[in-house]
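Some notes on the structure that comes next.
The shown structure was predicted, so the numbers you read here are calculated from the model rather than taken from an experiment.
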Amino acid sequence: HFKLIKQYGGDVNGNTTRDRTVYIETFPSNFTETALWMEADRMGVFLEAFTQKKFEIQRATVKNEKSQNLNNPYGFLREVADQQLYPSDHPYSWSTIGYVDDLDRADSNDLKNFFLRWYGPNNAAVIVSGDVNSPDVVKWVEKYFGGIKRGPDVRKQRVRPVVLDKDVAGTYTDINASVPLIYKSYV
């Protein structure tokens, strides 16, 4: 997927936050139909091509990313702040990337179940911008995504607001940082 897009002069990236995952692809406009087909293929038949070996590669990649974050100055800052600002049962109290122990305990069935629950056409938005013909894009989206089986209904998630009854202060020493930092967060 990535190799083909790069071969045609494009670029691929993505990110995950607490509330969403975004795949970003930039490519020449004459590659739009192919890119839509590839994304639909990823959504529709990804699990059929998924193997334990591929799972282990992805797990190692995530663990490496986690390690890189931790080894940067103040790489733990957001994680520490979230633990102090949110109750332990609040979904924002832990980092999106997770903890190494959780990654070690996870297996490919965990990933498959997560994928089946959240990565379906009824829980996705396709945004195409640039030098394209809008009616063609709509036709291609319907053609390639229309036959993908819906996932379970996804209801709008409600995250309870956090109200702090007092100021929270903490001290965190980071051996990777050579200068002090004062960090304030407002909830």
Please table the atom pairs, donor to acceptor, closer than 3.5 Å between any side-chain atom in residues 145-156 and protein atoms at least two apart or in another chain.
from, atom 1, to, atom 2, distance (Å)
R150, NH2, D153, OD1, 2.9

Do the side chains of V100 and V62 join up, straight or via other hydrophobic residues, at under 4.5 Å, putting them in one cluster? no
Quick one about T21 and Y119 (side-chain donor to acceptor, distance below 3.5 Å, no hydrogens or angles considered), yes or no? yes
Closest non-hydrogen atom pair between S93 and S88, with its separation: OG-O, 3.2 Å
Residues in side chain to side chain contact (heavy atoms under 4.5 Å, CB included) with I5, at least two apart? H1, V12, E25, F31, M38
Transitively linked via ILVMFWY side-chain contacts under 4.5 Å: F115 with W118? yes
Heavy-atom pair of closest approach, residues M43 and P121: SD-N, 3.5 Å
How long is the straight-line distance from CG of D102 back to CD1 of I97, given to the nearest 0.5 Å? 12.0 Å
Does E56 come within less than 4.0 Å of K53, counting only side-chain N to carboxylate O? no
Whether over 12 other heavy atoms sit under 6.0 Å from D107 CG: yes
So, for H90 and W94, which heavy atoms are closest and what is the spacing to 0.1 Å? O-CZ3, 3.1 Å
Report, as yes or no, whether the 6.0 Å neighbourhood of atom OH on Y183 holds more than 12 heavy atoms from other residues, nucleotides or ligands. yes
Would you name the heavy atoms of L36 and Y144 that are closest together and state the gap between them? O-CB, 4.3 Å
Looking at every non-hydrogen atom in both residues, tell me the closest pair between A106 and R59 and how far apart they are. O-NH1, 2.9 Å
Starting at CG of N15, measure out to OH of Y23 and round the result to the nearest 0.5 Å. 10.5 Å
To the nearest 0.5 angstrom, please state how far the CG atom of L181 sits from the CG atom of D174. 9.5 Å
Not counting sequence neighbours, list each pair that qualifies as a salt bridge (charged side-chain N to carboxylate O under 4.0 Å, His left out) and has a residue in residues 71-81. K66-E79, R78-D82
Hey, could you give me each pair passing side chain to side chain donor-acceptor pair (under 3.5 Å) that has a residue in residues 159-170? Not counting sequence neighbours. D89-R160
So R20 and T17, side chain to side chain contact (heavy atoms under 4.5 Å, CB included) or not? Walk me through it. CA-CA 5 Å; R20 53 122 183 100; T17 70; 3.4 Å; yes
Measure the spacing between CG of D136 and OG of S29 and express it to the nearest 0.5 Å. 11.0 Å
Salt bridge or not between K63 and D104? Use side-chain N to carboxylate O under 4.0 Å. yes
Heavy-atom side-chain proximity of V137 to T32 below 4.5 angstrom: yes
Under 4.5 Å between any side-chain heavy atoms of W37 and E33, yes or no? no
Same cluster or not: are V141 and V22 linked, directly or through other Ile, Leu, Val, Met, Phe, Trp or Tyr residues, by side-chain heavy atoms under 4.5 angstrom apart? no
Any chain of hydrophobic side-chain contacts (each under 4.5 Å) joining V80 to Y86? no
List in chain and number order the residues that pass ring pair (Phe, Tyr, Trp, His ring centres under 6.0 Å) with Y172, two or more places apart in sequence or in another chain; answer none if no residue qualifies. none
CZ-OG1 distance between F76 and T173, expressed to the nearest 0.5 angstrom: 13.0 Å
Apply the test side chain to side chain contact (heavy atoms under 4.5 Å, CB included) to residues W140 and N133: give CA-CA distance (whole Å), side-chain angles for both, the deciding distance (0.1 Å), then the verdict. CA-CA 11 Å; W140 296 330; N133 180 317; over 6 Å; no
F55 with Y99, same ILVMFWY side-chain cluster at under 4.5 Å: no
For E39, is there an ion pair with R42 - N to carboxylate O distance below 4.0 angstrom? yes
Any chance you could measure D11, atom CG, to I24, atom CD1, to the nearest 0.5 Å? 9.5 Å
Provide the closest heavy-atom pair for P28 versus G10 in the form atom of the first, atom of the second, distance. CD-N, 4.4 Å
Answer yes or no: is there a donor N or O on one side and an acceptor on the other, between the side chain of N176 and the main chain of L70, under 3.5 Å? yes
Not counting sequence neighbours, which residues clear side chain to side chain contact (heavy atoms under 4.5 Å, CB included) with K112? List them please. L47, F50, N109
